[in-house]
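So the structure is just underneath, and the comments pick up after that.
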Amino acid sequence: MRLRALLDTDALGLRLLGGEDELDRSVRGVMTTDLRDPSRYLSGGELVLTGLAWRRDADDSEPFVRILAQAGVAALAAGEAELGDVPEDLVLACARHRLPLFAVHESVAFATITEHVVRQVSGERAGDLAAVVDRHRRMMTSGPAGGGPDVVLDLLGSDLDLRAWVLSPAGRLIAGSKVTGPELPPETCAKLAAEHLAAARTGRRGPHRMVLGGSRYSLFPIRSSGRSPQAARDVRETVLSDWLLAVEADAGDWPEERLDLLQGVTQLIAVERDRRDAARTVRRRLAQEVLELVQTGAAPAEIAARLRVAAPVLLPGLGTAPHWQVVVARVEWEGGAVEGGPVAQSLLEEVLVDPLATGPEPSDRIAVAHTGDEAIALVPLPAVSTEHDGSESGLLADALLQTVREPLSAGLNDDGRLTLGVSAAVHSAEGLRGALEEARHARRVAAARPGRVCAAGHQELASHVLLLPFVPDDVRRAFTARLLDPLKDYDQRHRAELIPTLEAFLECDGSWTRCATRLHLHVNTLRYRVGRIEQLTGRDLSRLEDKLDFFLALRMS
């Protein structure tokens, strides 16, 4: 279709702001994005829709438009819902790069434009596709959420008698038809996701077909809208984050028209997927800001202020500050050709959702940042209860991976590995640095185990004590003398009680307030004593490794 045809459709609410001489350009697809650099998802010929969330000031327009022009997109359409009128700097940048620019009236949903373009670009299709797309408009124009993928799946069931479900890469049921029978059991979802990931890793083109429990299924990948199968540089960059559409039917004998129908449905669902991914941006930014404060040793009051901002976003309506847990994940590929951090970030956002919870909404509680090959999740806990054995409830490492191990192992194939560590719950900003180190150390414990998908929790760190009886006596004496003798000598000369202070500090999990209260000291006095311990031993009691060494030395002394 031509750009000119978009202006002839009144229902789209498009107003041309520039590029009248370029209206004979062909449109080959559509993409919705608010990324500052969406180039990796562009293949050329797209109509790009944007809500302008990427624009912070006037200087941002020129690089954004330059990226689109270099990618060969057909035109840009900017929504007026966020900023009102389209900024003049964006109009000028598009004029410089000869990129046609449309304004989208605030009353028109991007989904309406997407549906129109997808239908027109697809050409003449069978009558069943036209019926589904026309009725799908009800979903796409009903608001930002658009009713979700469930509505279009209901249309597949009622109009075409096709049972279909949308699954996450880890096998979580995101959406399913309500008119064609019961939902898929979790075990079936996991096996379908595993088959899809295994097929994708071997380079097989979809749909992938399989028989499970006497039923035949066809599996269609759901990629980000506007991204061609070749747009990703490496399949490993996306295979563990793309959704899939599972249809209970054998697509092997389908006519081209029916296959086109399902491909069109995946594109419609991809629009909703992209919208939900964009909503994660705020939570990811919050996690990144907290992580940077923790890692740079910011004052607890500054971290606490940032957490107070994060809590209402992650747990709306919560009256009091929650407890927090830290989860660290690392995805490593052989050869190191693919950066594991973004993959680990997407995986962690998926893994931390209750496997029995349907829909995407539970993931709104998860804030995940990434750095290098490592992803770090900040998980709020509205309340931490105490179990009968005295331990605190919360996320458990083994439970997180129990239902997703099979599909993720298939996606990692023979050249990838996922390791995960979980901290104990902390009650304040003061404990976050220790929780981060604890989660990282637990992940290293998991990495020492065999298997493609491994996890360890904070409870397992104490298992080092089990090894103490097997340490030779001379090694025990040398180890404890190196760490504790400087403190004992200082205590004898100055009656400073550094050893009792160290014991109490470790038993209070490094909490300055609880330790000071326990020892009946002012916090400043406690800080002085801990500083003296670090000075005499050359260790840092904010590091988990050094805390463990002191803990073991005290146990062996």
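Along the sequence shown, residues are numbered consecutively beginning with 1.
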Do [X] and [Y] sit within salt-bridge range, that is, some charged N less than 4.0 Å from a carboxylate O?
X	Y	result
D415	R201	yes
E349	R283	no
E438	K547	no
R543	E437	no

Less than 4.5 Å apart, any side-chain heavy atom of [X] and any of [Y]?
X	Y	value
H370	L348	no
S542	D540	yes
V294	V326	no
L293	L432	no
L418	R452	no
H97	Q70	no
L167	I174	no
L502	L484	yes

_Member of V368, L307, L436 meeting the side chain to side chain contact (heavy atoms under 4.5 Å, CB included) criterion with L378_ =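 Going through the options one by one, the only one that passes is L307.
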*asked:* Side chains of R532 and Q535: any donor to acceptor distance under 3.5 Å?
replied: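 Looking only at side-chain atoms, R532 and Q535 do form a donor-acceptor pair, the distance falling under 3.5 Å.
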*asked:* Restricting to non-hydrogen atoms, name the atom on C454 and the atom on P450 that form the minimum distance, rounded to 0.1 Å.
replied: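 Closest approach of C454 to P450, heavy atoms only: SG-O, 3.1 Å.
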*Excluding sequence neighbours, so at least two apart, what forms side chain to side chain contact (heavy atoms under 4.5 Å, CB included) with E374?*
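With sequence neighbours excluded, E374 shows a side chain to side chain contact (heavy atoms under 4.5 Å, CB included) to V328, R330, T371, I376, R440, given in chain and number order.
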*Just jot down the side chain to side chain contact (heavy atoms under 4.5 Å, CB included) partners of A344, sequence neighbours excluded, or say none.*
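With neighbours one apart ignored, the set is V331, A375.
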*Test log, rule side chain to side chain contact (heavy atoms under 4.5 Å, CB included), inputs L352 and L400*: CA-CA 7 Å; L352 289 174; L400 288 177; 4.0 Å; yes
*Apply side chain to side chain contact (heavy atoms under 4.5 Å, CB included) to the pair H441 and L548, showing each step before the final yes or no.*
CA-CA 10 Å; H441 190 72; L548 284 171; 3.3 Å; yes
*asked:* Check the orientation of F64 and W54. Use parallel for under 30°, tilted for 30 to 60°, and perpendicular for over 60°.
replied: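 Parallel.
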_If I take atom CG from residue L219 and atom NE2 from residue H196, how far apart are they, to the nearest 0.5 angstrom?_
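Going from the CG atom of L219 to the NE2 atom of H196 covers 7.0 Å.
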